[in-house]
Amino acid sequence: MNNQQRHRLRKTARVARRRISPEYQQYAAQRACDFLQSDSVFVRSQHLAFYVAFEGELNPEKMAQRAENLGKKSYLPLISDCIRSWERTRLLFQPYRPSDDKLTPNKYGIPEPLYSPQLTIAPAMLDLVIMPLVAFDSQFNRLGMGKGYYDRTFGGSLRWRRPRLLGVAYASQQLKKLDSNLLDVPLDGVLTEEGINWK
């Protein structure tokens with residue numbers, strides 16, 4: 001799949017996702033949370049990264065709230081383009097409490113915590129990363145938003161330990177087959193409103 005084809009597929013999938021009704025979005029978010037909270041990987045994980053839903057993404061807020069209620073530590077990603085040159089285009093992670101945190105839109109309009117260097121943690125310290133995606137297939141290939149942040153953060157640079165990467169999406173975002181791309185770090189599992197599947 002060349003870049004032009006990926007761009008067209010990404011655009012089509014994002015349009016379809018934005019057309020999902022608010023009622024179904026709420027239903028899917030609750031169902032996905034129900035599946036996750038009883039999953040053994042989630043139960044064992046103590047340091048979890050979430051995301052703030054954007055452009056109709058399946059909202060993990062209920063999952064983050066559940067994690068907080070269980071005493072787990074939650075984090076949100078920050079775009080690090082303008083922080084330090086050697087960290088450019090990678091994600092940083094800072095603590096997040098869904099019950100009381102104030103967030104600020106980043107350059108893409110996605111809410112994130114205000115950057116505090118003393119609070120950031122290394123990606124390798126996370127146990128589980130709940131990450132959004134545009135499309136996926138049964139082989140755990142994923143199509144992201146195209147900026148490559150998750151790929152560069154969780155690709156080959158984490159040598160001694162990598163957290164489990166769980167893609168979160170609506171079941172309708174599954175495609176028959178995605179051509180894998182060397183830049184796309186594969187998922188360890190996928191969570192939808194229909195269930196959770198691990199490799």
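Values below: every heavy atom of this structure, side chains too, minus hydrogens, waters and symmetry copies. In this text the structure is predicted, and so the values were computed from the model without any measurement.
- Pairing each heavy atom of Trp198 with each of Arg164, the nearest pair is CE3-NH2, 3.4 Å.
- Between Lys73 atom NZ and Leu126 atom CG the span is 12.5 Å, to the nearest 0.5 Å.
- Residue Leu114 is not grouped with residue Leu78 when hydrophobic side chains (ILVMFWY) are merged at heavy-atom distances under 4.5 angstrom, including chains of intermediate members.
- Proximity of Thr120 to Ser116: side-chain heavy atoms (C-beta onward) are nowhere separated by under 4.5 Å.
- The number of heavy-atom neighbours closer than 6.0 Å to CD of Glu55, taken from other residues, nucleotides and ligands shown, is above 12.
- The main-chain N or O of His47 is never found under 3.5 Å from a side-chain atom of Ser45 such that the two would form a donor-acceptor pair.
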Kindly indicate, with the supporting measurements, whether the criterion side chain to side chain contact (heavy atoms under 4.5 Å, CB included) is fulfilled by Met145 and Tyr108.
-> CA-CA 11 Å; Met145 292 287 279; Tyr108 300 113; over 6 Å; no
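- Residue Ser74 holds its OG atom at 12.0 Å from CE of Met63, rounded to the nearest 0.5 Å.
- Side-chain contact between Leu143 and Leu133 is absent, with no heavy atoms from C-beta onward closer than 4.5 Å.
- Proximity of Leu9 to Leu178: side-chain heavy atoms (C-beta onward) are separated by under 4.5 Å at one or more points.
- Placement of Ile20 and Phe54 within a single hydrophobic cluster is found when ILVMFWY residues are connected by side-chain heavy-atom separations under 4.5 Å, directly or transitively.
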Candidate pair Asp34 and Arg66, rule salt bridge (charged side-chain N to carboxylate O under 4.0 Å, His left out), full reasoning | CA-CA 10 Å; Asp34 292 343; Arg66 181 62 178 157; over 6 Å; no
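- Transitive grouping of hydrophobic side chains (ILVMFWY, heavy atoms separated by less than 4.5 Å) brings Leu70 and Phe50 into a common cluster.
- In this structure, Glu112 contributes its side chain and Ile79 its backbone to a donor-acceptor pair below 3.5 Å.
- Residues Met131 and Leu187 come closest through the heavy atom pair SD-CD2, 4.0 Å.
- A donor-acceptor pair under 3.5 Å is formed between the side chain of Thr153 and the backbone N or O of Leu91.
- Side chains of Leu128 and Val41 form a contact here, defined as non-hydrogen atoms less than 4.5 Å apart.
- Residue Lys199 qualifies as enclosed at atom NZ: its count of foreign heavy atoms under 6.0 Å is above 12.
- A donor-acceptor contact shorter than 3.5 Å is absent between the side chain of Asp137 and the backbone of Lys176.
- Side-chain N or O atoms of Gln26 include none that pairs as donor or acceptor with a backbone N or O of Glu23 at under 3.5 Å.
- Annotation: Gln46, atom CD; neighbour count of heavy atoms from other residues, nucleotides and ligands within 6.0 Å is above 12.
- Around NZ of Lys72, the count of heavy atoms belonging to other residues, nucleotides or ligands within 6.0 Å exceeds 12.
- Nearest heavy atoms, Pro111 versus Leu103: CB-CB, 3.8 Å.
- Distance check, rounded to the nearest 0.5 Å: CG of Leu48 to CG of Leu76 gives 11.5 Å.
- Taking CZ from Arg31 and NZ from Lys62, the interatomic distance works out to 13.5 Å, rounded to the nearest 0.5 Å.
- The number of heavy atoms from other shown groups lying within 6.0 Å of CZ (Arg18) is above 12.
- Linking Ile, Leu, Val, Met, Phe, Trp and Tyr residues whenever their side-chain heavy atoms come within less than 4.5 Å leaves Leu119 and Val129 in two separate clusters.
- Checking Glu68 against Tyr96 by side-chain atom types alone, no donor-acceptor pair falls below 3.5 Å.
- Among all heavy-atom pairs drawn from Val134 and Arg10, the shortest one is CG1-O, 3.8 Å.
- The closest side-chain heavy-atom distance from Ile130 to Tyr51 is below 4.5 Å.
- Taking every heavy atom of both residues into account, Val52 and Glu57 meet most closely at O-OE1, 3.8 Å.
- Between Tyr150 and Phe154, the angle of the ring planes stays under 30°, which puts this pair in the parallel group of the 30/60° scheme.
- In this structure a side-chain-to-backbone donor-acceptor pair under 3.5 Å is missing from Gln174 to Phe136.
- Between Asp39 and Arg44, none of the side-chain N atoms (NZ, or NE/NH1/NH2) sits under 4.0 Å from a carboxylate O, so this pair counts as no salt bridge.
- Within the 4.5 Å cutoff, side-chain heavy atoms of Gln94 are placed close to those of Tyr115.
- At least one cation-pi condition fails for Arg142 and Phe140: the charged atom is not both under 6.0 angstrom from the six-membered ring centre and inside a 45 degree cone around its axis.
- In terms of heavy-atom proximity, Asp188 sits nearest to Pro163 at OD2-O, 3.8 Å.
- Leu166 and Val43 fall into different hydrophobic clusters, where Ile, Leu, Val, Met, Phe, Trp and Tyr side chains are chained together by heavy-atom contacts under 4.5 Å.
- Side-chain contact between Tyr24 and Glu193 is present, with heavy atoms from C-beta onward closer than 4.5 Å.
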